[in-house]
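As the structure is a prediction and not an experimental result, all values here were calculated from the model.
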Amino acid sequence: MIEGLEDTLPPAVTRATLYRIAGWLLRLYVAGCLLLGSYSLLWVLEVGGVLPDRWLSTAWIGIAGLGSVFLAFAIPLFYLARGADG
């Protein structure tokens, strides 16, 4: 199955490259499932009234804060990495 795909791609793209891409796509899929699962769990707990409103709002603010910190670190690192490549 992969031989047909290899024939259509340029010679610089090897089988290892295709496996690396597939591995990153799998990691992205698993991370997305975990993220959506945690959001769904928080939503179910909110609807069910299990968590107090104060805890739930703290959890949402924490998730937003972690996302902001990730972006604050990831964007400069991305541009530094691009500049180092050439």
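The distance from atom CD1 of I63 to atom OG of S68, rounded to the nearest 0.5 Å, is 12.0 Å.
Listed by first then second residue, pairs satisfying ring-ring contact (aromatic ring centres under 6.0 Å, His included) with a partner in residues 57-77 read Y39-W60, not counting sequence neighbours.
Residues satisfying the ring-ring contact (aromatic ring centres under 6.0 Å, His included) test with W55, not counting sequence neighbours, are none. Evaluation of the side chain to side chain contact (heavy atoms under 4.5 Å, CB included) rule for L45 yields L41, V50, L51 as partners, not counting sequence neighbours.
Connection of I75 to F78 is established within a shared hydrophobic cluster, with ILVMFWY side chains joined at heavy-atom distances below 4.5 Å, either directly or through further cluster members.
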